Amino acid sequence: MSDLKPRKDLLDIGSLGLDEIEYVLGNAVPFKQLFQRSVKKVPTLRGKTVLNLFYEPSTRTSSSFEVAANRMSADVTNFSVSSSSISKGESLLDTIETLQAMQSDYIVIRHQAAGVPNIVANHTRASVINAGDGYHAHPTQALLDTMTFREVHPDYAGKRIAIVGDVLHSRVARSTSTLFHKQGIEVGVLGPGALIPEGRPAFMQRFQSWEDVFDWKPHAIYLLRVQMERQEGQFFPSVAEYHKMYGMNSDRLVSVRKLGAYLMHPGPVNRGVEVTDEAMSYEKSLISTQVENGIAVRMAVLHWLKPETQKD
Amino acid sequence: MPLRVLCKVDLLSDSPNITTEALLSPERIESAVISLAREIKVRCGDHDFAFVGIFTRGVTLAKRVAKRLAEEGINCPVGTLDISLYRDDFDNEGTDLPRLESSDISFPIDGTRVILFDEVIFTGRTIRAALDGLMDYGRPSKIELAVLIDRGHREIPIQPDYVGEVVPSEMNQYVKVRFVEDDDKEGVFLVTK
């Protein structure tokens, strides 16, 4: 039997033990198999409530959590910034108070400020799942990326993945690379100088060009989204320039194909910026698999966490 | 009379307050499997049917019975079902962290006669969960239930159609079936706390 300790919240990747990672990724497999059935739903969380609290626009992460919760028969409430009193000046703690009164069992939160999910977690009995906070963490993305990579490379230890793009502003890069590193997968990065953090972890080796990346023979290339909305300064001259320097174009796709490497992207894709139409239809693109695995991983996370809503 | 053996077993801890009796020897298990196969042959032999075992040992039992039937020229597919997600006692607030298994029912079950297998029937709640799980895969023409051991104490109105052995037990006891395929040991044990 399992000797895992129960966990209330999922706030980051760094604090997870390898046994916990194996537990969640292992359980995600049977959840994914449910999608092959005509009835994709199970009654496990019947009568439980999941609250999606999104302070930043998000369609795919919030929908993914919504689908995951629905497939476990939980009731889902979506609370987004533009349609709630958060925009009327309610403070975070007042909002938490309100949510507590609604007796949600699980709170999925995305916020532009790093650390907000931790504050919410400390003030509520519900299980809190960080769905992205500032530049800090996005743990379910890291889990789904790892699941996806491990499906195509079951002997994943020692494999190499190149992350390309805006590493500085990317919580995806932060969480995913941390988890890959924990799994013994090597991580390299390529991107405009201003978007590769100086203080990056030592395990992240930096490449100067695509040629360097291809010489390293990566097993997968992870293209990050160019986050126009999260850049206050000018980090690269123009979108066209970015595409020319770092985008996945036809020539680079030839090299990727020759290597047999897989392509990953967290979505939503900026076509013509980080990736061309041609690269989108590459036969070893894992982008749709990432979406599917995202639902399975989130189901496994909801199944795993233990809220304390019934405690005195 | 069951043979009383006091022994250190993997079933529970070897605390002095726990006693373990061997109820069924490997030979008795084998003859129970043979009688399940015989009964199923008599009642279903002329029809197509399929087995679905409940993880873990229901699957082993189903495979053993299917092997017996195959020796007599009757072949049926064996599917597997993990009912963890259907339990009525899923404890989302406690300490229980179940490891899920992949259910595998690779044959169409619509219109098929399905025989569910579990190693022990006790309260009947596991079978209730299995029926819900099974019916999310399709609509069998008929569902029956086969168990190695019926230990009584039903809490819901579910009864097995095929029974290997009836074993009287108390509510506070545990009936543990061990198969070599799953446990590296063979036998049925009664554990009293």
Side-chain angles (χ1 to χ4, degrees), chain A residues 1-8 17 19-50 68-69 71-74 103-106 125-127 296-297 299-312, chain B residues 9-13 52-57 59 79-112 114 125-140 143 174 176 178 182-183 191:
Chain A
M1 281 307 287
S2 92
D3 42 10
L4 288 176
K5 289 207 171 58
R7 180 180 273 274
K8 175 175 161 284
D19 53 347
E20 292 181 297
I21 293 162
E22 288 308 316
Y23 176 72
V24 177
L25 293 179
N27 277 357
V29 175
F31 277 117
K32 186 177 178 180
Q33 282 177 344
L34 296 176
F35 308 165
Q36 310 301 321
R37 310 192 318 195
S38 60
V39 178
K40 296 175 182 57
K41 197 165 183 163
V42 290
T44 319
L45 294 184
R46 203 159 50 112
K48 306 292 175 197
T49 314
V50 177
R71 287 189 182 166
M72 296 183 77
S73 305
Q103 312 210 328
S104 302
D105 298 284
Y106 304 86
R125 291 170 174 178
S127 282
V297 154
M299 290 173 83
V301 167
L302 288 168
H303 178 259
W304 167 40
L305 298 178
K306 303 289 189 189
E308 294 171 354
T309 29
Q310 301 303 315
K311 290 200 178 148
D312 292 326
Chain B
V9 283
D10 65 331
L11 308 174
L12 285 167
S13 80
V52 172
I54 300 172
F55 261 105
T56 309
R57 297 180 187 83
V59 176
T80 64
L81 188 64
D82 178 18
I83 52 108
S84 308
L85 298 173
Y86 289 87
R87 300 197 65 91
D88 59 7
D89 58 352
F90 172 66
D91 181 11
N92 83 318
E93 306 237 330
T95 55
D96 186 27
L97 293 167
R99 283 176 206 275
L100 306 179
E101 299 286 345
S102 294
S103 299
D104 176 19
I105 300 178
S106 48
F107 45 87
I109 69 164
D110 281 338
T112 305
V114 173
R125 289 176 192 268
T126 301
I127 306 304
R128 199 279 313 154
L131 291 171
D132 283 355
L134 189 59
M135 282 192 272
D136 281 351
Y137 281 87
R139 187 179 184 280
I143 305 177
Y174 298 86
K176 298 285 181 188
R178 292 294 179 256
D182 306 309
D183 308 293
V191 181

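Source: prediction; values computed, not measured. A, B, ... follow the sequence lines: proteins, then strands. Residue 1 opens every chain.
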> When rounded to the nearest 0.5 angstrom, what is the spacing between CZ in F90(B) and CE in M72(A)?
Replying inline: 6.0 Å
>> Using every non-hydrogen atom in the two residues, find where Q33(A) and S103(B) come nearest and quote the distance to one decimal.
In response: OE1-O, 3.7 Å
> Any donor-acceptor pair under 3.5 Å linking the side chain of K306(A) with the backbone of D96(B)?
Replying inline: yes
> Checking L302(A) against chain B: side chain, backbone, both or neither under 4.5 Å from a heavy atom?
Replying inline: neither
>> If we define contacts as heavy-atom pairs under 4.5 Å, which of P30(A), P6(A), S127(A) has the most with chain B?
In response: P30(A)
> Between CG of L85(B) and CE of M299(A), what distance do you get to the nearest 0.5 Å?
Replying inline: 7.5 Å
> For chain B, which of V29(A), V39(A), L34(A) has the most heavy-atom pairs under 4.5 Å?
Replying inline: V39(A)
> If you round to the nearest 0.5 Å, how far is CZ of R46(A) from CG of D88(B)?
Replying inline: 9.0 Å
> Is atom NZ of K5(A) surrounded by more than 12 heavy atoms (other residues, nucleotides or ligands) closer than 6.0 Å?
Replying inline: no
>> As a quick check of understanding, evaluate side chain to side chain contact (heavy atoms under 4.5 Å, CB included) for L97(B) and E20(A), giving each step before the final call.
In response: CA-CA 10 Å; L97(B) 293 167; E20(A) 292 181 297; over 6 Å; no
> Non-hydrogen atoms of chain B under 4.5 Å away: do they reach the side chain of K41(A), the backbone, both or neither?
Replying inline: backbone
>> Is any side-chain heavy atom of Y23(A) closer than 4.5 Å to one of P98(B)?
In response: yes
